[in-house]
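To start, the structure itself, in structure tokens.
Just so we're clear, the structure is a prediction, and the values are computed from it rather than from any experiment.
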Amino acid sequence: MRDAAFTSIGSERLRLRRFSPRDVAPFHAYRADDDVARFQSWNGYTLEQAARFVHEMSDADPGVPGEPFQFAIARLGDDALVGDCMLALDPGDPPNAEIGYTVAPGHQGRGYASEAIAALLDYAFGELGVATVRAVTDARNEPSIAVAERLGMRLAGTVRTTFMDEPCDEHTYELTREAWNARRP
């Protein structure tokens, strides 16, 4: 399933591509933002961490079970980084995958997350042959839930957990290839 030939995935306004060194500063800026980090797995993100992550992703390939791949989300016109999204194929069951997405605060509210994830779903279901995609989100993260639901993902379950030392509910949304293909023109 490894896609060593991957270069980019295009959509109407965006391009999902590999990270490059020019992305370090804008990537760090939104990863270091406390409001962005609130529902993510990082906290106190440093410039050094951003540089290391960008370097690691530039050498990685999408589609490797058990190795999450982060795609840079860039605007088509100027290739400016507006966010990132992740695809992770389940190591024990590669037809299943998890996605995640983050859009920088200055670029939120423009439909970029929905557009990027739609392109990512086309790639996962088509190119990589994924059967089911899931997204896990904090129940308080209304924008993330809206993206999942807008794309036809259905709530599959909710668990009570602790995240970042805070009790919360986590929703798991799922979408099958068949359901996705039925939505597409």
Side-chain angles (χ1 to χ4, degrees), residues 1-24 26-27 30-31 39-42 45 49-76 79-104 112-137 144 147-154 156-157 170-185:
M1 294 182 134
R2 177 185 294 260
D3 186 1
F6 173 79
T7 55
S8 67
I9 303 165
S11 68
E12 184 179 333
R13 302 174 296 160
L14 303 170
R15 184 166 70 110
L16 278 59
R17 59 167 170 75
R18 293 180 181 275
F19 274 92
S20 73
R22 71 180 172 277
D23 298 321
V24 171
F27 179 69
Y30 67 81
R31 283 258 173 144
F39 298 119
Q40 301 288 0
S41 61
W42 64 81
Y45 209 75
Q49 287 174 299
R52 189 169 43 255
F53 183 86
V54 165
H55 176 73
E56 289 168 3
M57 282 297 107
S58 68
D59 291 335
D61 294 321
V64 179
E67 295 181 19
F69 184 84
Q70 213 83 13
F71 298 82
I73 303 171
R75 287 190 308 234
L76 275 181
D79 201 41
L81 184 71
V82 299
D84 61 87
C85 55
M86 179 275 301
L87 177 68
L89 276 63
D90 188 315
D93 193 9
N96 292 304
E98 183 173 342
I99 59 169
Y101 35 91
T102 305
V103 174
Y112 287 156
S114 296
E115 184 175 333
I117 296 305
L120 182 59
L121 291 170
D122 282 341
Y123 173 75
F125 290 134
E127 187 75 23
L128 298 180
V130 169
T132 303
V133 169
R134 72 181 170 278
V136 179
T137 185
S144 182
V147 169
E149 291 177 347
R150 190 174 303 119
L151 294 170
M153 299 185 90
R154 299 289 175 229
E170 261 185 4
H171 292 324
T172 298
Y173 285 84
E174 291 184 347
L175 180 67
T176 64
R177 180 185 322 126
E178 292 78 19
W180 180 248
N181 289 339
R183 292 177 54 90
R184 304 305 281 169

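- From Ile9, atom CD1 reaches atom CZ of Phe71 across 4.5 Å, with rounding to the nearest 0.5 Å.
- Rounding to the nearest 0.5 angstrom, the gap separating the CD1 atom in Ile117 from the CG atom in Leu16 is 7.0 Å.
- For Glu67, the side-chain hydrogen bond (donor to acceptor under 3.5 Å, both in side chains) test picks out no residue, with sequence neighbours left out.
- In this structure, Trp180 and Leu151 approach most closely via the heavy-atom pair CZ3-O, 3.5 Å.
- Annotation for Ala72 and Leu81: closest pair CB-CD1, 3.6 Å, computed over non-hydrogen atoms.
- Counting heavy atoms from C-beta outward, Phe19 and Asp84 have side chains that approach closer than 4.5 Å.
- The salt bridge (charged side-chain N to carboxylate O under 4.0 Å, His left out) pairs that include a residue from residues 175-185 are Asp122-Arg184, where partners are two or more places apart or lie in different chains.
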Show me the side-chain donor-acceptor pairs of residues 54-61 shorter than 3.5 Å, one per line, residues at least two apart or across chains.
| residue | atom | partner | partner atom | Å |
| --- | --- | --- | --- | --- |
| Ser58 | OG | His55 | O | 2.6 |
| Asp61 | OD1 | Arg18 | NH2 | 2.9 |
| Asp61 | OD2 | Arg2 | NH1 | 3.1 |

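- In this structure, CG on Leu14 lies 11.5 Å from OG on Ser8, to the nearest 0.5 angstrom.
- Evaluation of the side chain to side chain contact (heavy atoms under 4.5 Å, CB included) rule for Ala179 yields Leu175, Thr176 as partners, not counting sequence neighbours.
- A distance of 14.5 Å separates SG in Cys85 from OH in Tyr112, rounded to the nearest 0.5 Å.
- Checked against ring pair (Phe, Tyr, Trp, His ring centres under 6.0 Å), Phe53 has the following partners two or more places apart in sequence or in another chain: Phe27.
- Listed by chain and number, the residues in a side-chain hydrogen bond (donor to acceptor under 3.5 Å, both in side chains) with Tyr173 are Glu149 (sequence neighbours excluded).
- Residues satisfying the side chain to side chain contact (heavy atoms under 4.5 Å, CB included) criterion with Asp3, sequence neighbours excluded, are Ala5, Phe6, Pro62, Tyr123, Glu127, Leu128.
- The salt bridge (charged side-chain N to carboxylate O under 4.0 Å, His left out) test applied to Arg150 returns no partner, not counting sequence neighbours.
- In terms of heavy atoms, Ala113 sits closest to Val103 at CB-CG2, 3.8 Å.
- Looking at residues two or more places apart in sequence or on another chain, you find a salt bridge (charged side-chain N to carboxylate O under 4.0 Å, His left out) between Asp79 and Arg15, Arg17, Arg22.
- Partners of Arg13 by salt bridge (charged side-chain N to carboxylate O under 4.0 Å, His left out), not counting sequence neighbours, listed by chain and number: Glu115.
- Partners of Thr137 by side-chain hydrogen bond (donor to acceptor under 3.5 Å, both in side chains), not counting sequence neighbours, listed by chain and number: Ser144.
- Nearest heavy-atom pair, Met153 versus Ala135, reported as atom, atom and distance to 0.1 Å: CE-N, 3.7 Å.
- Closest of all the heavy-atom pairs between Ala119 and Gly10 is CB-O, 4.3 Å.
- For the atom pair CZ (Phe125) and OG1 (Thr132), the distance works out to 7.0 Å, reported to the nearest 0.5 Å.
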With a 3.5 Å cut-off and sequence neighbours excluded, list the donor-acceptor pairs that the side chains of residues 88-99 form with protein atoms.
| residue | atom | partner | partner atom | Å |
| --- | --- | --- | --- | --- |
| Asp90 | OD1 | Gly92 | N | 2.8 |
| Asp90 | OD1 | Asp93 | N | 3.2 |
| Asp93 | OD2 | Asn96 | ND2 | 2.5 |

